[in-house]
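These notes are about the structure you will find just below.
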Amino acid sequence: MPPVILLADANNFYASCEAALNPQLAGKPLLVLSNNDGCIVARSAAAKKLGFKMGQPLFQCLDLVKKHEVEVVSSNYPLYADMSARVMQVLARFAPQMEPYSIDEAFLALPGFSPAELDWHSKTLRDTVRRWTGITVSVGLAITKTLAKIANERAKKVPELEGVFDISAYSTEKLDELLANTEVEDVWGIGRQRGRLLRQYGYSTAYDLKYAPDGWLKKNLTITGLRTAWELRGIPCLPLELAPPPKKAIACTRSFGGSVTKLAELREAVATYSSRVAEKLREQGSVAGVIQVFIHTNHFNPREPYYANHYTMRLAQPSSFSPTLVNYAQHALEQIYRPGYRYIKAGVIVTDLSSQSAFQLGLLEGPDPWEVEGEGRLMSAVDTLNQRFGREKVRLASSGLERRWWMKQTRLSPRYTTNWQELPIAFAT
DNA sequence: TCTGGGGTCCTAGGACCC
DNA sequence: TCTGGGGTCCTAGGACCC
């Protein structure tokens with residue numbers, strides 16, 4: 001018997017994090033905004049009920065916000081990352097094997113449980129996460145990840161299920177009935193484009209997708225679409241990833257608080273982003289072989305000329321040394337900068353990553369090992385300081401002081417769990 | 001006026017080679 | 001006028017996810 005897959009997925013995660021640390025928000029309509037306070041990226045249950053849509057620009061629904069006195073906050077990623085780690089720690093106690101899949105969900109493998117045991121286990125898991133973290137998770141159980149996703153979705157939607165839905169022991173008939181009542185776009189791996197194509201050919205439900213011919217699936221949805229159909233048939237094609245594989249690309253890209261026209265300001269932003277990229281590289285022990293910089297103006301505004309460009313460079317030697325990456329990025333920026341435009345976003349992406357240690361071993365014809373050693377020690381000293389005293393406490397001067405381009409975050413909640421000065425207050429005297 | 005960020009995987013097509 | 005066949009590698013772009 002293959003193990004049952006349990007998918008635990010937090011409800012309205014970002015909104016729940018805010019409410020968990022600020023009891024005054026409990027039960028109220030609450031919106032969490034994207035970087036720059038532009039779009040809605042999370043909604044509390046009450047806000048969903050009022051009709052706010054995921055991804056909707058805030059300025060389009062200000063009337064509704066005012067009318068219902070909806071609370072609105074900027075996104076606070078250090079808080080969500082910390083809460084996520086706490087939730088994951090609790091979840092890990094409930095299975096021998098776990099794959100943290102995203103900031104708010106994880107797959108668990110449960111071998112050798114009876115249906116009654118699965119039910120008790122899932123309810124205990126849910127209660128424990130709620131009591132220990134203040135976050136509510138929904139649980140779906142099935143024999144493949146794709147089916148567990150569908151079960152989880154139901155657990156969220158149908159109140160009678162009380163947050164847990166187990167379809168791991170369903171007969172083919174029962175499962176097919178459930179799939180026939182599931183829109184094809186609600187299947188994990190079927191987005192807008194594939195949904196449209198499937199419907200054109202008359203495949204409008206998960207059931208239709210399950211029984212679509214393999215040849216058609218492979219040809220039109222590639223191997224990934226074929227795997228999805230097999231998973232619906234109960235054949236596991238997506239194994240649990242127990243150890244997170246190293247990233248193959250690392251990026252830091254941001255919209256500016258307002259538009260930026262001067263090269264000097266773009267240079268600050270690009271220096272900041274490439275420093276951050278270098279830091280992320282060092283976190284996973286990688287060096288980058290290729291760096292790309294892009295900038296663009298606002299493509300939503302038809303009244304002003306649009307310009308977008310990117311420039312890619314191969315490093316002479318793979319590196320994670322901040323000053324090196326900043327220098328390359330600055331050079332790349334100069335290749336694509338054109339005066340006279342109002343830029344609203346820039347980004348730095350590194351690829352062709354390899355392991356720091358493998359790189360150093362193969363260094364017979366490489367750079368001076370003493371130099372690399374010195375760079376490494378400098379960076380680890382900087383990283384240690386910043387971990388201890390807060391991000392960017394030590395940084396390159398080229399990343400700017402005034403930083404007029406910095407993103408807008410006008411409604412940031414306190415860093416309740418990651419800063420001693422901003423702990424939640426239980427009793428005020 | 002105001003519209004997120006960071007990833008993965010897959011394929012088609014071009015360059016290049018013998 | 002007629003102009004092979006098969007393979008690899010790389011990249012850009014598309015689709016998807018949260």
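Everything quoted here is computed from the prediction, not taken from an experiment. The basis for the numbers below is simple: all heavy atoms, side chains too, and nothing from hydrogens, waters or symmetry mates. Naming convention: chains lettered A, B, ... in sequence-line order (proteins, then strands); numbering from 1 in each chain.
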Starting from P on B:dT3, measure out to CG on A:Asp37 and report it in whole angstrom. 10 Å
Look at A:Lys123 together with A:Glu162 and state whether they make a salt bridge at an N to O cut-off of under 4.0 Å. no
Just how far, in rounded Å, is P of B:dC2 from NZ of A:Lys408? 8 Å
Rounded to whole Å, CE of A:Met54 lies from C1' of B:dG4 at a distance of 10 Å
For A:Arg86, is there an ion pair with A:Asp82 - N to carboxylate O distance below 4.0 angstrom? yes
When Watson-Crick pairs (N1 to N3 and N6-O4 or O6-N4) and G-U wobble pairs (N1-O2 and O6-N3) count only below 3.5 Å on both distances, what is the dot-bracket string of DNA chain C, with | for other-strand pairs? ....||||||||||||||
For the P atoms, the ones on B:dT3 and on C:dC17, what distance do you get once it is rounded to whole angstrom? 25 Å
Once salt bridge (charged side-chain N to carboxylate O under 4.0 Å, His left out) is applied, what residue pairs with a partner in residues 231-259 of chain A remain, sequence neighbours excluded? A:Asp214-A:Arg233
Specify the separation, in whole Å, of atom CZ of A:Phe107 and atom P of C:dC18. 9 Å
Contact between A:Phe165 and A:Ile150 at the side-chain level, heavy atoms closer than 4.5 Å - yes or no? no
A:Phe300 CZ to B:dG4 C1', in whole Å, measures 10 Å
Identify all side-chain donor-acceptor contacts of residues 54-68 of chain A below 3.5 Å with residues at least two apart in sequence or on another chain.
from	atom 1	to	atom 2	distance (Å)
A:Gln56	OE1	A:Lys53	N	3.2

Does the ring of A:Phe256 carry A:Lys345 above it, NZ/CZ under 6.0 angstrom from centre and within 45° of its axis? no
Looking at every non-hydrogen atom in both residues, tell me the closest pair between A:Val164 and A:Ser122 and how far apart they are. CG1-CB, 3.6 Å
Atom OH of A:Tyr14 and atom P of C:dC18: how far apart are they, to the nearest Å? 12 Å
Strictly under 4.0 angstrom, non-hydrogen atoms only: write out the protein contact profile of nucleotides 9-17 of chain C, one letter per nucleotide from the 5' end, B, S or -. ------SSS
Take atom CZ of A:Phe59 and atom P of B:dT1, then tell me their distance rounded to the nearest Å. 9 Å
Quick one, which residues of residues 222-238 of chain A touch DNA chain B with a heavy atom under 4.0 Å? A:Thr222, A:Ile223, A:Thr224, A:Arg227
Before we go on, tell me: are the rings of A:Tyr101 and A:Trp188 under 6.0 Å apart, centre to centre? yes
Please compare A:Gly55 and A:Pro246 by the position of their nearest nucleotide in DNA chain B and report the one closer to 5'. A:Gly55
Round to a whole Å and report the spacing from CG of A:Asn11 to P of C:dC18. 14 Å
What do you reckon, are the aromatic ring centroids of A:His121 and A:Phe94 less than 6.0 Å apart? yes
Salt-bridge criterion met for A:Glu392 and A:Arg403 (N-O under 4.0 Å): yes
With a 4.5 Å heavy-atom cut-off, do A:Leu333 and A:Leu263 have their side chains touching? yes
Evaluate A:Tyr311 against A:Phe294 for ring-ring contact (aromatic ring centres under 6.0 Å, His included), listing each step before the verdict. CA-CA 7 Å; A:Tyr311 192 83; A:Phe294 72 81; over 10 Å; no
Classify A:Asp104 by what it touches in the nucleic acid, base, sugar-phosphate, or nothing, heavy-atom distance under 4.0 Å. sugar-phosphate
Verify the ring-centre separation between A:Trp216 and A:Tyr203: is it less than 6.0 angstrom? yes
State plainly whether the residues A:Arg199 and A:Glu185 are in salt-bridge range, i.e. N to O under 4.0 Å. yes
Check: protein-nucleotides 5-7 of chain B nitrogen or oxygen pairs below 3.5 Å:
from	atom 1	to	atom 2	distance (Å)
B:dG5	OP1	A:Ser255	N	2.5
B:dG5	OP2	A:Ser255	OG	3.1
B:dG5	OP2	A:Lys345	NZ	2.8
B:dG5	O3'	A:Arg254	NH1	3.0
B:dG6	OP1	A:Arg254	NH1	2.8
B:dG6	OP2	A:Thr253	N	2.5
B:dG6	OP2	A:Thr253	O	2.9
B:dG6	OP2	A:Thr253	OG1	2.6
B:dG7	OP2	A:Ala251	N	2.6

